[in-house]
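Report on the structure given below.
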Amino acid sequence: MKIASALISMLALLCAAPAMAASPFEISAVQKQTAKQEQQLARLASPADEQPSAEPPQSYDYSTNLKSDVFGANLFTGAFARAGATQFNPDYAVAVSDKIQIRLWGAFDFDTKLTVDPKGNIFLPHVGPVTVLGVRNQDLQRIVEAAVARTFRSNVNSYASLAAAQPVRVFVSGFVNRPGLYSGTSMDSLLHYLDQAGGIDAERGSFLNVQVKRGQTIRASANLYDFLLNGTMPLIQLSDGDVIFVAPRQRSVKVSGLAANAKRFEFSDQTRTVADLIKITKPNAAATHVRVIRNTGSIKNIEYYPLGDAASVVLQNGDELEFTADKKPGSITVRVEGEHNSAQEYVLPYGTRMSQLLAQIQYTDHSDQANLQLFRQSVKVRQKQMLDTSLRSLEAAALTARSGTSDEARLRKEESEQILQWVERAKKIEPSGQVVIAQASSRDQLLLENGDVLRVPIKDGLVLVSGEVLFPNAVAFDQTLQLDDYINRAGGYTQNTDVARIIVARRDGSFNEASSETGIFGSAKSKIAIQSGDEILVLPKIDVKSRQIWKDMTQIIYQIAVGAKVVFGL
């Protein structure tokens, strides 16, 4: 209602102003009255007992803190700089300008927020001034209740609570990213002001020694590692003009390797050991040893200790620690798949040979014992590396091929684009990692590796035909049929077939290239004998301008066919 009345008065005054006489004194009086009305309206729109909001922090790029390898640097990302609800600890001492919510009810009703005046008092109706300056928050109710009881003997109840802390401006200095004067309240934490200052300078500032100063006196000190590791933060009551000072960084060590907190850590001038650091870095369960690189002095030394000796290894400023797993293999696991009646998973001692595993397998009547297949992860990795190397060589050849004319350059450009697309598809092919063991004379002495897969094929009596044929399919094995007969039963060759390049993949992992003579109609006359379980891979014809690219692509297609049993054409 007050705001509405003031608005009506102002509108009436503004409407009447043009019709008034043009006397300079009258105009001046009207202007003064209008200004007074505006001030009254502003005061009504913003009641005096409202808490002034802290000025927003200046914009700051916190990405450096997030990328830093210093432990605790990612604490300052702007989250603490935002204004939030103020919470008061029980030991908070009431200060001048604090707001206190007072409620009286019963025979006398009263409900409002009172501001602590410069003398440290609040004024209660019928009670008079009550001194609250320096009173702890937890004692405020008792002080007000005692004052009310001296006037109202009965039938008047009272309630008092701290409503808002006074706004303050605090200096942030020392080794922070942006020293300055920042706004908040007396109960905002250190993190609020440090975050507004961009956080602690990760390269120079200390996370272990953050001081709150008033004049020459250090009122409190904070260790931010306690907050990061234990969730404890001292509640420090700040006053206008206080200084938050970040001391210079003390000693530091860098941690890497098998640790949950692989960061750069700070420690005080007191003696620290690797055992003390382990409490902070949290090494993984797999870690067994620590490598210490000593950077102090002109000579760089490397030391190596088991974690059991961590308590005796003293740290020095600038040391670099790496937690490692120095383990000796004790046992391995090997899977046996395919046609057999024994277990599929075997846990064997490290160093077990193939003969020891084969002795535990129970074969069936349909097991093809002569063509056992071994798939090994380390071989698969090497096959993939060789394939990637060949593909990179092909990319380089396609991108650096020279042209004699503009038409040839245009054709080469289109050809290279197709080749690069083919290369990207070829990179996604995963080799099988098969090891040829069936024909090896020393097969039984082969050492098994962890993760090996031994597959026992089944005598299914089929021959697979795939690649550049019209109908890739499985054909029943017939001793009277030759290579061309199986290809014809799969629909014959496609137009993109190179009949001079046909691979027969044996079940045991070996390969044979069909020696063929091309007839009048492109038929391949082969002397190779087809066996049950074989796979016939008809490779595609390569049509490129460069002889070098043709050679490289031919090699890669062979690699893919042999390593993954996949015909991959352009």
Side-chain angles (χ1 to χ4, degrees), residues 337-340 364-375 380 383 387 422 425-426 428-434 436 438-439 453 455-543 553-570:
E337 300 177 350
E339 186 65 23
H340 65 94
T364 68
D365 295 338
H366 304 291
S367 300
D368 189 356
Q369 302 182 43
N371 294 307
L372 296 178
Q373 301 170 345
L374 177 63
F375 299 90
K380 179 179 179 179
Q383 289 177 339
L387 177 60
W422 182 85
R425 290 163 48 213
K428 300 177 182 179
I429 293 178
E430 293 292 334
S432 63
Q434 185 172 359
V436 181
Q439 300 176 7
V453 176
R455 186 169 299 158
V456 182
I458 185 174
K459 298 176 182 179
D460 54 6
L462 298 177
V463 175
L464 300 178
V465 184
S466 62
E468 296 297 329
V469 292
L470 291 177
F471 306 107
N473 207 341
V475 181
F477 173 70
D478 189 339
Q479 292 182 348
T480 62
L481 299 181
Q482 296 183 354
L483 176 64
D484 288 340
D485 299 324
Y486 286 104
I487 292 176
N488 290 333
R489 292 196 177 187
Y493 300 104
T494 65
Q495 294 181 351
N496 195 36
T497 303
D498 189 349
V499 295
R501 283 191 291 276
I502 300 174
I503 294 178
V504 178
R506 302 297 187 186
R507 175 167 281 181
D508 62 2
S510 61
F511 293 85
N512 291 106
E513 184 176 0
S515 57
S516 60
E517 298 177 357
T518 306
I520 299 177
F521 299 103
S523 61
K525 305 299 181 182
S526 175
K527 301 177 182 179
I528 193 169
I530 303 300
Q531 303 173 6
S532 176
D534 285 349
E535 183 174 354
I536 301 172
L537 304 172
V538 181
L539 303 186
K541 179 171 57 179
I542 304 172
D543 184 15
M553 289 195 67
T554 301
Q555 177 187 357
I556 293 173
I557 289 175
Y558 269 105
Q559 272 186 267
I560 295 175
V562 172
K565 292 187 179 179
V566 174
V567 177
F568 194 68
L570 181 63

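Here the structure is a predicted model, which means the values were calculated and not measured. Quick note: residue numbers are just sequence positions, from 1.
Atoms CD and CG, from Q482 and N488 in turn, are 11.0 Å apart once rounded to the nearest 0.5 Å. With rounding to the nearest 0.5 angstrom, the CD1 atom of I530 is 11.5 Å from the CD atom of E535. Interatomic distance, CG of N512 versus CG of L483, reported as 11.0 Å (0.5 Å rounding). With values rounded to the nearest 0.5 angstrom, E337 atom CD is found 10.5 Å from Q373 atom CD. To the nearest 0.5 Å, atoms CD1 (I502) and CD (E513) are separated by 9.5 Å. Taking CG of D368 as the reference point, atom CG of D460 lies at 9.0 Å (rounded to 0.5 Å).
In terms of heavy atoms, Q383 sits closest to Q434 at NE2-O, 4.1 Å. The minimum heavy-atom distance between K459 and D365, with the atom names listed, is NZ-O, 4.3 Å. A pairwise comparison of heavy atoms in T480 and D485 identifies O-OD2, 4.2 Å as the closest pair. Residue S367 comes nearest to E339 through the heavy atom pair OG-O, 2.5 Å, listed as atom of the first residue, atom of the second, then distance. When every heavy atom of P472 is checked against every heavy atom of S466, the shortest pair comes out as CB-CA, 4.1 Å. Across A474 and L464, no two heavy atoms sit closer than the pair CB-CD2, 3.4 Å.
Although no hydrogens or angles enter the test, the distance criterion places a donor-acceptor pair under 3.5 Å between the side chain of R507 and the main chain of I458.
Between Y486 and V469, every side-chain heavy-atom pair lies at or beyond the 4.5 Å cut-off. Considering only heavy atoms from C-beta on, V463 comes within 4.5 Å of I536 through its side chain. A heavy-atom distance below 4.5 Å is not found between the side chains of L462 and V475. V465 is not listed as a side-chain neighbour of F471, based on a closest heavy-atom distance of 4.5 Å or more. Contact annotation: the side chain of V453 never approaches that of L374 to less than 4.5 Å [non-hydrogen atoms, C-beta and beyond].
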